[in-house]
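The sequence lines fix the lettering, A, B, ..., with proteins before strands; numbering per chain opens at 1.
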Amino acid sequence: MSITYLEAIREAQARALRENPNVYIYGQDIGAYGGAFKATKNLAKEFPGRVLDSPISEDAMVGSAIGASLEGMRPIVEMQFADFSANGFNQIVNHAGAYFYRSGVSLPITIRLPNGGNPGAGPFHSQSLESLYAHFPGLIIMTPATVDDAYNLLLEAIALDDPVLYCEHKYLYNRVKAERLPEEVSFSAGKALCRRPGKDLTLVTYAAALYDALAAATELEKEGIDIEVIDLRTVKPLDTPTILQSVARTGHLLAVSEGWPWGGINAEVIARVASKGFHLLDSPPERLNCRDTPIPFHPDLWLAHKPSAASIVKKVRQMLEW
Amino acid sequence: MLNTLREPESETIHLGFKELYLSAFKWMLLSRTVEDKVAALWHAGKIAGGCYLGKGQEAVSVAVGIMLRPGDIFAPLIRDQAGRLAFGEPLFDILRTYLGKKTGPMRGRDGNVHRGRPKERIYPMVSHLGAATSLITGALMARRMRGETGFVGATSIGDGGSSTGSFHEGLNLAAVERVPLVMTVTNNRYAYSTPNSRQFACHDLVDRAIGYGVEGYSMDGTDLKECLEIASHAVDRARSGFGVQMIVASCVRLSGHAEHDDGFYMDKALLDSPIGRDCLSVAQAHVVEQGWADEVMVREWRQQAKAQVEDTLQQVQREPAPDPAEEDWHSLASAHLIDPEYAE
């Protein structure tokens, strides 16, 4: 018996629907069809009237969730792909994100963004938008990489009183599995985790890139290089102390993200370490992002577009030779 | 005059038409009076930012606002001062917000018309037009999910705002969900400086109602009587389960877009046409003509409104401004998730 990352997302939603009558899910093709990725499979049947198909109107989907949350509901909005949330951008950042500071009233909304690339998905079904939303105040940005985190963080997102962008990585949906769901739900938003202890260099990463980082660490181990891998899990708020503690042990920092390079999570991680932990560094902090182009369609181009275990290995070697 | 949010058993629900008209007229007077004062303060340099008036649109706005009951939802737009007052927004709110007072509903964090009281179901608008349409729709869906009945939501847009994608998505969604929404589109001929001819190509905006599958009405926005009759009908229809009601009101904006704009581009012939009339003067003439009040009485009401505005302003001017050193610079309700990086 095993459970996938995608099933964990479905199970977390089923549990939230079961436990809280104010939870409902809203999105395109999520009712009888069960969602483009099947993250809401059978939920419409199980919870009549609470898993609702929306028109293709991302702006109105988010706007309606804001209105419903003002009436005490805890809506979950499923964007069919993170990329399409661009059409709901104004409601997310200007309406939802600004609401609490402006009016003192909080909006418990969870927006699920099927994020990140898959082979053959092309420029408009592959984007990683966590950095974009992290730029705006008033939003919490989650980026789970494991089954446990997918489950726990989604339940936490629904329980939180603020708008959460829950960035679920599509590449992990059916590739990441666990024996079972966590026995006890634990809330840990804002806390990074060390996924692999090491003493020679710190890799800070999140979501699907975590697995490239771990593969690179295994490869480098053969050369006697001992890599520490930190999984951010929540990119906003960013767990600066955990990153600094790791860099204090290793003296070297490489930030790895599938997102675009300009600005972004990697840039923020490096800025904080440079500012707060400059004295801890034995080499210039570095980053690996995807290339500064739209995300290509062909699987070979796609693989060469984003960071990989091989590119991480290469970069680490360069850094340690410095 | 009421100066606080109305209690559940509002008198206006039970008014006859004469009383309703007079009540609406007095809200219009108060609205015009307070906005004239705000404009004077702006021209005297006492107000930071913009100054947006509802001059010439009071009849449209008040007609909808006065039909709403406590528990209904109102998402006003920039030219809705009269409707805000009629729905129950305290007179204090406009003055405190324009003056950026810490005591106001936005506490100096937002200004002018970008104000509201979400808990009392007056939504604070964002500047992005049309964005409130789906908010109110979602709130109405939520009420229905909970099995509540008998409520309505109302919001407004202009000829310019009706061109946004957000407006279209929101209204389409409201129609699909068949929620009790009253959408007032006030065609005041100019979106900032842009005339209708550069804004839309259909013959009349009300023709869009059929495209959305909602009930549509045209009304003369300068005639309070017609506005009250149509708003009453539309709000009743929405409340009784007939779905979205779209009212398209015709009038002319009797000011620039904001007080920094003198409206030099406006077609003078429009102002001389029947829709260029000042709805407040038209309403006053109607009141006198019907024998509901004489000129002396109306002058007295005007004085009362002035006194109320002056009293409120005097109190508000003594109230504190927000203190940057004491400001809570956080944008999350989840205090444990505030990044210490920003706590400094």
Side-chain angles (χ1 to χ4, degrees), chain A residues 21-22 24 26 49-50 52 54-73 75 87-88 90-91 94-95 97-108 136-140 160-164 187 189-190 234 236-241 268 272 275-276, chain B residues 73 75 105-107 109-110 114-119 121 123-128 130-146 148 153 164-177 179 327-342:
Chain A
N22 293 326
Y24 73 96
Y26 196 50
R50 296 172 64 197
L52 304 168
S54 74
I56 304 177
S57 298
E58 287 80 7
D59 180 291
M61 284 157 61
V62 178
S64 72
I66 297 171
S69 70
L70 287 170
E71 291 292 335
M73 303 299 280
N87 287 350
N90 178 49
Q91 297 283 16
N94 290 318
H95 230 150
Y99 217 87
F100 178 72
Y101 181 74
R102 292 172 71 228
S103 72
V105 172
S106 61
L107 305 175
F136 283 82
L139 304 170
I140 293 164
L160 282 168
D161 285 335
D162 290 295
V164 178
F187 284 176
T234 306
K236 191 176 186 184
L238 186 62
D239 185 355
T240 316
E268 185 66 23
R272 291 188 186 202
S275 161
K276 300 259 174 3
Chain B
I73 307 168
M106 309 312 279
R107 300 163 292 165
R109 294 176 175 192
D110 208 340
H114 304 87
R115 65 175 192 274
R117 295 168 168 252
K119 285 180 182 143
R121 299 194 166 102
Y123 289 177
M125 60 172 282
V126 292
S127 309
H128 306 69
T133 315
S134 56
L135 252 73
I136 212 158
T137 299
L140 295 170
M141 288 165 66
R143 301 279 283 277
R144 187 173 59 196
M145 277 184 229
R146 291 190 160 157
E148 294 177 35
T164 63
S166 200
F167 170 81
H168 167 71
E169 286 192 12
L171 198 54
N172 178 62
L173 173 60
V176 166
E177 291 291 338
V179 291
E327 173 73 354
D328 183 4
W329 295 105
H330 294 136
S331 49
L332 293 178
S334 313
H336 69 291
L337 291 184
I338 290 165
D339 194 328
E341 183 84 1
Y342 310 129

Completion exercise
Most heavy-atom pairs under 4.5 Å with chain B, out of A/Leu238, A/Thr240, A/Asp161, belong to A/Leu238

Problem - Heavy-atom proximity to chain B below 4.5 Å, by part of A/Leu52 - result: side chain

Exercise for the section: Let me know if B/Pro124 has heavy atoms under 4.5 Å from chain A in its side chain, its backbone, both or neither. Expected result: both

Exercise for the section: Please look at B/Met145 and chain A and tell me whether the side chain, the backbone, both or neither of the residue comes under 4.5 angstrom of a heavy atom of that chain. Expected result: side chain

Completion exercise
If one checks every heavy atom of B/Asn172 against chain A at 4.5 Å, the contacting part turns out to be side chain

Handout entry: Top contributor to chain B contacts, counting heavy-atom pairs under 4.5 Å, from A/Asn90, A/Leu70, A/Val105
Key = A/Asn90

Exercise for the section: For residues B/Leu337 and A/Leu160, determine if any side-chain heavy atom of one lies less than 4.5 Å from a side-chain heavy atom of the other. Expected result: yes

Practice task
Tell me, out of A/Pro137, A/Ser57, A/Ala65, A/Ala98, who's got the most heavy-atom pairs with chain B below 4.5 Å.
Solution key: A/Ser57

Practice task
For the residue pair B/Asp339 and A/Arg272, establish whether any side-chain heavy-atom pair is separated by less than 4.5 Å.
Solution key: yes

Exercise for the section: Heavy atoms only, distances under 4.5 angstrom: which of B/Asp110, B/Val126, B/Leu332 has the most pairs with chain A? Name it, please. Expected result: B/Leu332

Exercise for the section: Give a yes or no answer on whether the side chain of A/Glu71 reaches the backbone of B/Ala142 with a donor-acceptor pair at less than 3.5 Å. Expected result: no

Completion exercise
All heavy atoms of B/Ser134 vs all of A/Gln91, minimum pair found to be OG-NE2, 3.3 Å

Exercise for the section: Drop me the distance from B/Ile136's CD1 to A/Ile66's CD1, to the nearest 0.5 angstrom. Expected result: 13.0 Å

Practice task
Below 4.5 Å from any heavy atom of chain A, which atoms of B/Leu140 appear? Answer side chain, backbone, both or neither.
Solution key: neither

